[in-house]
**Student:** 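What follows is a structure written as C-alpha cells; I'll ask about it next.
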Amino acid sequence: MRIAVAGSIATDHLMSFDGRFAEQIIPEKIQQLSVSFLIDELDVRRGGVAANISFGLGNFGMNPVLVGAAGADFEEYRAWLERHGVDTSAVHISELRHTARFVCTTDRDQNQIASFYAGAMADARNIEIKPIHDRLGGIDLVLVGADDPAAMVRHSEECRSRSIAFAADPSQQLARMEGPEVRSLIEGARLLFTNEYEKALAEQKTGWSDDEILERVGTRVTTLGSKGARIDVKGEPSIHVPVASVGEVVDPTGVGDSFRAGFLAAHSWGLSLERAAQVGNATAVHCLEVNGPQEYELTPKGLLERIETSYGKEAADEVRPHL
C-alpha cells in the first residue's frame, strides 16, 4: 500500500530556564512587560504530525509520501526524513516563510511561555493531490492530518471527488475548525482517528451522534491514552485493545502519531483491526520511552518482543512475516 501523509511539518525549540518566571515579573508593571531569561538548555526536536507519522511508516519500510509545506530551512530536516525512508518529493517549499516552529521556555516550576509560528504551513492549502497521485502511479490511501484547516478540507474534498481512499485525522485542529469544515473533512473517510476528547468534540462540532458519524466513515479509531485504543465499525461490536507494556515513561510527545504509523502499517498488510491496533500500541510505547517524537528506534526484534509480551505469541507470529 502506498500511503501519502498530509499535514504539518514543524520543529520544536524547547528551552529550560533555571529560575522562576514569577520572580522576574513585577505585577504592577505587567502592562509594560519587558523580560529576558538566560536559558540553560536548548532542545531542538523534529516534529509536525505528518512528519512524525511518515517517520514511523518509514521505519516499517513503507516509503510514505510526505505532503505538506515547509520553508527553505527544511533541507536538513528533509535529509533526516529521507535517511529514514520517507519520500519528501511532494513537500512544497515556501518562497516567503520559514518552516512552522514551536518555541517554548519552561521554568523551574514547569510554568511555560510559548509561541507557535505557522509559517509555511499556510501554503499547504495550495497543494493538489492529483499531480502527486499521477506522478507516483497511484496512491492507495491519503491520511489527512492536522494542518492549515483550508488545506485539510481541500485534501478530503479532492480525495472524495477523485475516489481516492483517505483517512481523517484532525487532531488539535478540531478546536480551530467550524462545524461545516469538520463535516467536510470526515465525510466518507475510510478511517477516522481521534483521541477521547477529540471524539466528543467532533460530535459536538458536526452535530452528528456517534452512530451518525459511523454511518459516514468506514472505521473509527479512538486512542484512550493509558487505556489503549477502541475500534468501532458500524454494526459490529467495539474492539478494545489494551495498551502495550511500557518501560520508563519519558515523553508523551508524538505518541499518537507513532500509534497511527503502526496501525496504518499493519492495516496495509491486511491484518485485522485488532492486530493493527496492537502494532500501533507497540509502536507508540517505543516513542513514549524516548525524548522526542522521532528519536525512537524500531527494530523487528524489539517490536516483536513488545507485541509478544503484551498480546501473546499468536499476535507476534502474525506480524513477523511482514517485518
Side-chain angles (χ1 to χ4, degrees), residues 49 52-53 55-57 59-60 143 145-146 167-172 174 186 189-203 210-211 213-214 217-290 292-293 296-300 302-320 322-323:
V49 296
N52 291 343
I53 296 169
F55 171 85
L57 288 169
N59 273 281
F60 281 103
L143 182 137
D169 183 17
S171 189
Q172 67 267 23
L174 269 176
I186 68 179
R190 177 180 291 182
L191 296 160
L192 172 61
F193 291 98
T194 59
N195 62 28
E196 275 190 294
Y197 176 78
E198 293 159 357
K199 177 182 182 294
L201 189 58
E203 292 165 11
D210 185 23
D211 288 341
I213 288 181
L214 277 177
V217 303
T219 300
R220 190 170 192 182
V221 182
T222 308
T223 55
L224 308 172
S226 61
K227 294 179 288 184
R230 187 176 67 251
I231 305 166
D232 293 289
V233 178
K234 181 188 174 186
E236 299 181 14
S238 291
I239 301 169
H240 176 253
V241 180
V243 70
S245 63
V246 61
E248 180 186 3
V249 175
V250 176
D251 181 11
T253 307
V255 167
D257 299 331
S258 56
F259 169 86
R260 285 150 175 77
F263 184 98
L264 290 172
H267 182 64
S268 76
W269 302 332
L271 299 184
S272 69
L273 293 171
E274 180 180 20
R275 269 312 166 252
Q278 290 171 347
V279 175
N281 284 343
T283 308
V285 294
H286 278 74
C287 180
L288 187 61
E289 294 170 348
V290 299
Y296 62 96
E297 182 179 357
L298 201 62
T299 65
L303 184 67
L304 289 170
E305 287 177 352
R306 193 68 60 107
I307 291 172
E308 182 167 350
T309 299
S310 306
Y311 306 113
K313 185 176 185 300
E314 182 180 343
D317 287 344
E318 280 192 37
V319 173
R320 183 174 286 106
H322 303 283
L323 299 180

**Student:** Step through it carefully: locate the ring centre of Phe55, locate the ring centre of Phe60, and say whether they are under 6.0 Å apart.
**Tutor:**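 Centroid distance Phe55-Phe60: not below 6.0 Å, so no.
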
**Student:** What's the verdict on side chain to side chain contact (heavy atoms under 4.5 Å, CB included) for Leu273 and Val233, showing C-alpha distance, side-chain angles and the deciding distance?
**Tutor:** CA-CA 10 Å; Leu273 293 171; Val233 178; 3.7 Å; yes

**Student:** Between Leu192 and Val221, is a side chain to side chain contact (heavy atoms under 4.5 Å, CB included) present by the stated rule, with each step listed?
**Tutor:** CA-CA 6 Å; Leu192 172 61; Val221 182; over 6 Å; no

**Student:** Check the pair Asn281, Phe259 against side chain to side chain contact (heavy atoms under 4.5 Å, CB included), reporting the backbone distance first and the verdict last.
**Tutor:** CA-CA 6 Å; Asn281 284 343; Phe259 169 86; 3.3 Å; yes

**Student:** Do any N or O atoms from the side chain of His240 and from the backbone of Lys227 form a donor-acceptor pair under 3.5 angstrom?
**Tutor:**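 Indeed, once roles are kept as given, a pair shorter than 3.5 Å links the two residues.
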
**Student:** Hey, what do you get for CD1 (Ile213) to NZ (Lys199), rounding to the nearest 0.5 Å?
**Tutor:** 7.5 Å

**Student:** Glu198: what forms a side-chain contact (heavy atoms from CB on, under 4.5 Å) with it, not counting sequence neighbours?
**Tutor:** Ser171, Leu174, Thr194, Asn195

**Student:** Please enumerate all residues that pass side-chain contact (heavy atoms from CB on, under 4.5 Å) together with Thr299, with sequence neighbours excluded.
**Tutor:** Glu297, Lys301

**Student:** Taking the side chain as every heavy atom from C-beta outward, state whether Glu314 and Arg275 have any atom pair closer than 4.5 Å.
**Tutor:** yes

**Student:** Which heavy atom of Ile186 sits nearest to which heavy atom of Ala168, and what is that distance?
**Tutor:**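 Between these two residues, the closest heavy atoms are CG2-CB, 4.0 Å.
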
**Student:** Report the C-alpha separation of Thr219 and Phe193 in whole Å, then their side-chain angles, then the decisive distance to 0.1 Å, and conclude whether the side chain to side chain contact (heavy atoms under 4.5 Å, CB included) test is met.
**Tutor:** CA-CA 9 Å; Thr219 300; Phe193 291 98; over 6 Å; no

**Student:** Does the side chain of Thr283 come within less than 4.5 Å of Leu303's, by heavy atoms?
**Tutor:**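 Yes, their side chains come closer than 4.5 Å.
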
**Student:** Would you call Val241 and Tyr311 a side-chain contact if the rule is heavy atoms closer than 4.5 Å?
**Tutor:**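 The answer is yes; the side chains approach within 4.5 Å.
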
**Student:** With heavy-atom distances below 4.5 Å as the criterion, would you say the side chains of His286 and Arg306 are in contact?
**Tutor:**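 Result yes, sub-4.5 Å side-chain heavy-atom pair found.
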
**Student:** Minimum heavy-atom separation for Leu57 to Ala261, with atom names?
**Tutor:**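 Taking Leu57 first and Ala261 second, the nearest heavy atoms are CD2-O, 3.4 Å.
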
**Student:** Under a 4.5 Å cut-off applied to non-hydrogen side-chain atoms, are Val290 and Asp251 in contact?
**Tutor:**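 They are not in contact (no side-chain heavy atoms under 4.5 Å apart), so the answer is no.
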
**Student:** What residues, two or more places apart in sequence or in another chain, satisfy salt bridge (Lys or Arg N to Asp or Glu O under 4.0 Å) together with Arg220?
**Tutor:** Glu203, Asp210

**Student:** If only atom types and distance count, is the side chain of Ser258 paired as donor or acceptor with the main-chain N or O of Val255 below 3.5 Å?
**Tutor:**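 Yes.
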
**Student:** Mark yes or no for whether Asp257, through its side chain, and Pro293, through its backbone, hold a donor-acceptor pair below 3.5 Å.
**Tutor:**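 Not a single qualifying donor-acceptor pair exists.
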
**Student:** So does Glu196 have more than 12 non-hydrogen atoms from other groups sitting under 6.0 Å from CD?
**Tutor:** yes

**Student:** Nearest 0.5 Å, please: how far is CD1 in Ile307 from CG in Asp317?
**Tutor:**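 If we round to the nearest 0.5 Å, Asp317:CG and Ile307:CD1 are 10.5 Å apart.
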
**Student:** Once side chain to side chain donor-acceptor pair (under 3.5 Å) is applied, what residue pairs with a partner in residues 259-274 remain, sequence neighbours excluded?
**Tutor:**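 For residues 259-274: Asp169-Arg260.
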
**Student:** Quick one: list whatever passes side-chain hydrogen bond (donor to acceptor under 3.5 Å, both in side chains) with Ser310, sequence neighbours left out.
**Tutor:** Ser245

**Student:** Might you point out which heavy atoms bring Cys287 and Gly292 nearest each other, and give the distance in Å?
**Tutor:**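 In this case the closest contact between Cys287 and Gly292 is SG-O, 4.2 Å.
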
**Student:** Quick one: list whatever passes salt bridge (Lys or Arg N to Asp or Glu O under 4.0 Å) with Arg230, sequence neighbours left out.
**Tutor:** Asp232

**Student:** Answer yes or no: is there a side-chain heavy-atom contact under 4.5 Å between Val217 and Leu191?
**Tutor:**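 SC-SC contact between Val217 and Leu191 ruled out.
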
**Student:** Before accepting this row, confirm whether a basic side-chain N of the pair Glu318/Lys313 lies closer than 4.0 Å to the acidic partner's carboxylate O.
**Tutor:**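 Here Glu318 does not pair with Lys313 in a salt bridge, since their nearest N and O are not under 4.0 Å apart.
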
